[in-house]
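One-based numbering, in listed order, for ligands and for the atoms of each. No experiment lies behind these values; they were computed from the predicted model shown.
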Amino acid sequence: MQVKAPRGTYDIMPDDIYKWHQMEQIIRRTAATFGYAEIRTPIFEHTELFERGVGDTTDIVSKEMYTFQDRSNRSLTLRPENTASCVRAFIEHSVAGGVLPVKWYYMGPMFRYDRPQAGRYRQFHQFGVEAFGSNNPAMDAEVITLVLEILANLGLHEYELHLNSVGCPQCREVYRQKLIEHIRPVKDKLCTDCQSRFEKNPLRVLDCKVASCQEAIVGFPNMYDYLCPECSEHYNRVRNILTEAGISYMHDNQLVRGLDYYTNTAFEIMIPLIGAQSSVAGGGRYNGLVKECGGPDMPGVGFAMGMERLLLAMNNLENNMNDPKQIDVFLALLDEKYETQAMNLLSGLRRAGIRADRDYNQRSTKAQMKYADKMGARLVILLGEDEIQRGVVTIRDMQTRQQSEVANETLIAAIKAILE
Ligand code: ATP
Ligand code: MG
């Protein structure tokens, strides 16, 4: 029996990797222009970190984690997201004692036992940022601006920005009680998930995807009306900064993150044209999270974006990315007895930073030309007896179909001039 890749995973084949390289490069550059530095944390962590840092009433922790016992019977989990690990690293390295705010980004694979479909995998990739150490609404706005800048740099201009505030633990508690009172009479009409979680986490009912739950709760109270003066001021500042910057958004009172350590700003970005899984990024403020994970009282704000979904959106654009091809120069060997000369020539090209390759399978001259074309070579160098004796090579330009003779000494300069 042939073994296949596990359900919900996939290979990124060499033919497609350029798309990832280009997307990653644009994202890294944009993050760097905003002053974010990369952090790389382990792919697996102690299970407890996610139970605390993501919360055990979330779908992620309650149904989606890849958890296993290692050989010493420790419970470990493949990271389903990266915020908890960043918080752990922030605490573990006593980063709070240094200069604040600290601005980090990450990029890499995450693992969730999700139901695989277009835009939803069990191993997928996220790019995200965390900014620790400032409660300034301008920082919330910066983080949102960074997402939008990345989208723009990727050529993605059609999106919706949803924005809400979930307040602080004090004002949210008042709201929570109101919401529970509103939901309790219609409890029986809710899905089983919502029935079991609404007392503990009533905000989750607001973003339940089941249509009958939404019908049941119409007329629910709005968090915005319950924000305390400070939270209301914070939210208005974020909105004003975005408005002044010409960024349009929708206030969405059903955008919630139901855990106590999430505070104030919550946002989500959708690209409707990619279909059912249209959410490309989600984020917000988490002023209680660092403390919850055993660190100091430390504000934070961040987001995570799904890279497969970005690519899905980019695939809808024309001419957005170009395949850089495999090589620039192909060395056609016309006679096997010049193997040594060929190898020297090839080494020289490669050392000069030119992507060069040759035939290893004794192809005929004609077949070598075809092969060079397949690999995308712009130039072919023909190396035969006559050329070697005269200390020259013939260069064939596969684009213009023109051939010219170049002396060995000026070869690299000549090639670079053509490639530029
Ligand atoms: P969804 O409602 O689509 O499951 P989520 O609320 O679980 O999203 P977050 O935890 O906020 O998503 O993760 C941020 C982003 O990561 C999402 O907006 C999405 O683009 C991406 N993402 C989440 N889960 C997956 C997955 N299983 N496969 C691919 N991308 C994903
Ligand atoms: Mg999910």
Side-chain angles (χ1 to χ4, degrees), residues 5-10 12 20 23 27 50 53-66 77-87 105-130 143-144 146-148 150-151 154 156 159-164 166 193-194 197 201 203-210 213-214 252 254-259 261-262 265-286 289 300-315:
R7 185 167 144 79
T9 71
Y10 67 99
I12 305 172
W20 283 86
M23 171 172 65
I27 292 174
F50 302 115
V54 182
D56 48 19
T57 59
T58 60
D59 283 350
I60 293 179
V61 172
S62 63
K63 356 180 173 164
E64 298 174 356
M65 293 212 297
Y66 277 94
T77 295
L78 300 184
R79 62 182 193 190
E81 55 97 82
N82 211 185
T83 300
S85 311
C86 287
V87 168
Y105 81 81
Y106 59 82
M107 189 187 284
M110 307 295 156
F111 306 84
R112 294 185 194 177
Y113 197 78
D114 250 326
R115 201 164 64 82
Q117 51 201 290
R120 192 177 289 289
Y121 304 90
R122 290 183 172 174
Q123 176 171 343
F124 63 102
H125 298 78
Q126 282 184 343
F127 163 79
V129 310
E130 316 296 348
V143 158
I144 293 170
L146 173 54
V147 183
L148 302 186
I150 288 171
L151 294 181
L154 294 172
L156 301 170
Y159 55 77
E160 289 171 9
L161 167 59
H162 292 228
L163 197 65
N164 195 15
V166 295
D193 272 356
C194 283
R197 71 190 168 199
N201 197 345
L203 275 76
R204 284 294 310 283
V205 181
L206 297 180
D207 76 343
C208 179
K209 303 287 187 292
V210 179
C213 289
Q214 295 313 313
D252 178 348
Q254 281 181 277
L255 178 60
V256 294
R257 319 177 81 190
L259 298 161
Y261 37 78
Y262 290 118
T265 314
F267 67 93
E268 188 165 5
I269 288 156
M270 333 270 200
I271 300 189
L273 67 87
I274 60 177
Q277 318 306 324
S278 64
S279 165
V280 296
R285 189 163 270 292
Y286 47 77
L289 181 58
V301 57
F303 69 79
M305 68 202 303
M307 298 176 75
E308 279 78 5
R309 295 187 194 175
L310 289 179
L311 268 191
L312 261 179
M314 290 165 77
N315 284 339

With the criterion set at N/O pairs under 3.5 Å, what does the list of contacts between the protein and ligand 1 look like, atom names and distances included?
| from | atom 1 | to | atom 2 | distance (Å) |
| --- | --- | --- | --- | --- |
| ligand 1 | 3 (O) | Arg120 | NH2 | 2.9 |
| ligand 1 | 3 (O) | Arg309 | NH1 | 3.1 |
| ligand 1 | 3 (O) | Arg309 | NH2 | 3.3 |
| ligand 1 | 4 (O) | Arg120 | NH1 | 2.8 |
| ligand 1 | 4 (O) | Arg120 | NH2 | 3.2 |
| ligand 1 | 7 (O) | Arg112 | NH1 | 2.9 |
| ligand 1 | 10 (O) | Arg112 | NH1 | 3.1 |
| ligand 1 | 10 (O) | Arg112 | NH2 | 3.0 |
| ligand 1 | 13 (O) | Gln126 | NE2 | 3.1 |
| ligand 1 | 16 (O) | Gln126 | NE2 | 3.0 |
| ligand 1 | 18 (O) | Ser279 | O | 3.2 |
| ligand 1 | 18 (O) | Ser279 | OG | 2.9 |
| ligand 1 | 20 (O) | Ser279 | O | 2.8 |
| ligand 1 | 20 (O) | Val280 | O | 3.4 |
| ligand 1 | 20 (O) | Gly306 | N | 3.3 |
| ligand 1 | 27 (N) | Asp114 | OD2 | 2.8 |
| ligand 1 | 27 (N) | Tyr121 | O | 2.8 |
| ligand 1 | 28 (N) | Tyr121 | N | 3.0 |

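Ser278 OG to Ile269 CD1: the interatomic distance, rounded to the nearest 0.5 Å, is 11.5 Å.
For Gln117, the side-chain contact (heavy atoms from CB on, under 4.5 Å) partners at least two apart in sequence or on another chain are Arg115, Arg120, Gln277.
Using modelled atom types, one side-chain atom of Asn164 and one backbone atom of Leu255 make a donor-acceptor pair closer than 3.5 Å. Looking only at distances, no side-chain donor or acceptor of Glu268 sits under 3.5 Å from a matching main-chain atom of Leu161. Side chain of Gln123 to backbone of Arg112: no donor-acceptor contact under 3.5 angstrom is found.
Taking the ring axis of Tyr113 as reference, the NZ or CZ atom of Arg122 stays within 45° of it and closer than 6.0 Å to the ring centre.
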